2 protein chains.
Amino acid sequence: MFSERQQQIVETAIKLIAEKGIQNLTTKNLAKEIGISEPALYRHFSNKLEILKAVITHFQIKMQPAFDKLNKSVNSLNKIESFILEHLKIISLNPNFAKVIFSEANFQNEENLILKMNKMMNQSRNLLEKIVQSGQKKNELRTDVSPLSIVRVIIGSMRLLVTQWSMSSMIFNLENEGKELCEDIKKLIVAK
Amino acid sequence: MFSERQQQIVETAIKLIAEKGIQNLTTKNLAKEIGISEPALYRHFSNKLEILKAVITHFQIKMQPAFDKLNKSVNSLNKIESFILEHLKIISLNPNFAKVIFSEANFQNEENLILKMNKMMNQSRNLLEKIVQSGQKKNELRTDVSPLSIVRVIIGSMRLLVTQWSMSSMIFNLENEGKELCEDIKKLIVAK
DNA sequence: ACTTGGTTAGTGAGCACTAACAAAGATAAT
DNA sequence: ATTATCTTTGTTAGTGCTCACTAACCAAGT
């Protein structure tokens with residue numbers, strides 16, 4: 001799909017955004033960081049928007065394993081645990097992701113980009129919602145709380161954790177802190 | 001503190017950011033929207049950064065009532081309910097806030113701004129953490145879950161709700177949806 | 001000979017911001 | 001009471017800078 005040079009451009013773009021925000025992603029900086037000239041970029045992408053689109057596609061590809069692992073567990077609490085921990089694992093292994101993903105608002109002026117990003121986010125949320133609903137049906141999760149609220153609690157606290165981790169310059173171990181949060185969430189939502 | 005013209009500039013800046021993101025906040029657009037010339041802006045603020053600082057100060061002032069109302073309740077569950085609903089009420093009354101606040105990452109390259117913003121966010125979080133801790137001591141909240149997790153669950157789900165509201169072009173009623181979320185959160189964290 | 005992937009030099013557009021000036025109201029001197 | 005000066009708040013015109021992107025050329029591999 002992407003040539004080696006294209007991948008290098010995408011990865012360097014992510015690095016630049018993570019370092020100093022999306023304002024830092026200029027064609028000049030990008031070319032300089034890679035060690036080629038600015039016009040050389042345009043041999044691999046027709047314009048800057050295409051580079052940003054490729055960045056999001058890159059995320060989708062990297063995030064896929066988090067979804068693949070889910071079907072391996074039967075119990076819905078285990079599925080939710082996998083959902084949380086696998087997501088955090090991937091983000092932990094690709095620290096630059098966090099900074100870019102949670103600056104989604106930066107894409108506000110580019111309709112295409114925000115649509116692509118929302119689609120990706122909704123994919124996660126819908127999957128989790130199905131898991132929660134089936135968990136309630138099987139009486140593994142408490143049913144006195146709406147599935148929507150449970151999903152919001154899980155995704156919301158996950159995102160907040162990642163934001164705090166990212167804002168703190170990754171000062172704490174995301175996976176360990178994530179495990180603790182996950183255990184606590186499980187206690188909150190398990191059927192009594 | 002701020003003159004009338006300064007307030008007008010700040011409010012128009014918020015409007016522009018809310019409409020099309022922070023990239024839309026240029027001195028040209030700002031002046032045009034107000035109906036004055038660009039250099040006239042510089043009679044009221046020394047530069048653009050000062051305008052952005054004033055935007056954050058404006059938020060702090062508007063958010064203050066949410067904190068003032070908290071001391072009126074004794075029960076910690078009621079305090080948490082106030083915390084959530086008062087915050088959502090203010091955001092609901094100032095829809096542009098959401099778009100700006102949650103694009104905090106946009107300020108990434110301006111150290112001063114991000115510090116000011118974080119300070120404001122931490123103020124909320126610390127207050128909530130104290131409420132949760134005292135609630136656990138008084139056995140009003142369950143103690144098998146760490147206070148940090150409870151705070152993350154509350155703030156995280158609140159922020160997610162606001163983000164979803166903002167991204168959906170305010171299609172649902174934030175206060176009503178907030179009440180439902182709040183009731184569910186209370187069920188999750190109340191002592192058994 | 002053609003394709004691929006690079007180069008140098010430069011374009012127009014938009015950015016935050018400034019220099020210089022003008023008009024009106026407030027303040028003060030005559 | 002009138003005149004002179006100062007302050008405030010606006011204007012037009014323009015600055016230097018950075019941006020994404022392009023024209024034209026070139027070297028190496030197929």
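A quick note: this is a predicted structure, and the numbers were derived from the prediction, not measured. A, B, ... follow the sequence lines: proteins, then strands. Residue 1 opens every chain.
Per the geometry, NZ belonging to A/Lys28 stands 15 Å off C1' belonging to C/dC15, to the nearest Å. What separates CD1 of B/Ile51 from P of C/dC15 is a distance of 14 Å, to the nearest Å. C/dC17 atom P lies 5 Å from atom CG of B/Asn47, rounded to whole Å.
Counting any heavy atom pair closer than 4.0 Å across all strands shown, A/Leu25 reaches sugar-phosphate atoms only and no base atom. Counting non-hydrogen atoms under 4.0 angstrom, A/Thr27 reaches a base of the nucleic acid.
The side chain to side chain donor-acceptor pair (under 3.5 Å) analysis of residues 31-46 of chain A, with sequence neighbours excluded, yields the pairs A/Lys15-A/Glu33, A/Thr27-A/Glu38.
Here the side chains of B/Asn96 and B/Glu11 are not in contact, with every heavy-atom distance at 4.5 Å or above.
By the 4.0 Å N-to-carboxylate-O rule, B/Glu180 lies too far from A/Arg152 to be salt-bridged with it.
When the salt bridge (charged side-chain N to carboxylate O under 4.0 Å, His left out) test is applied to A/Lys137, no partner is found at least two apart in sequence or on another chain. For B/Lys119, there are no salt bridge (charged side-chain N to carboxylate O under 4.0 Å, His left out) partners two or more places apart in sequence or in a different chain. Under the salt bridge (charged side-chain N to carboxylate O under 4.0 Å, His left out) criterion, B/Lys69 pairs with B/Glu86, sequence neighbours left out.
Residues from residues 36-46 of chain A with heavy atoms under 4.0 angstrom of DNA chain D, sorted by number: A/Glu38, A/Pro39, A/Tyr42, A/Arg43.
When DNA chain D is scanned 5' to 3' for any atom under 4.0 Å from a heavy atom of chain A, the first and last hits are D/dC19 to D/dC25.
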Query raised in the report: Run the side chain to side chain donor-acceptor pair (under 3.5 Å) check on A/Lys48 and A/Thr26 step by step: do they pass?
Result: CA-CA 9 Å; A/Lys48 195 182 163 185; A/Thr26 63; over 6 Å; no
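Without hydrogens or angle criteria, A/His87 side chain to A/Phe83 main chain gives a donor-acceptor distance under 3.5 Å.
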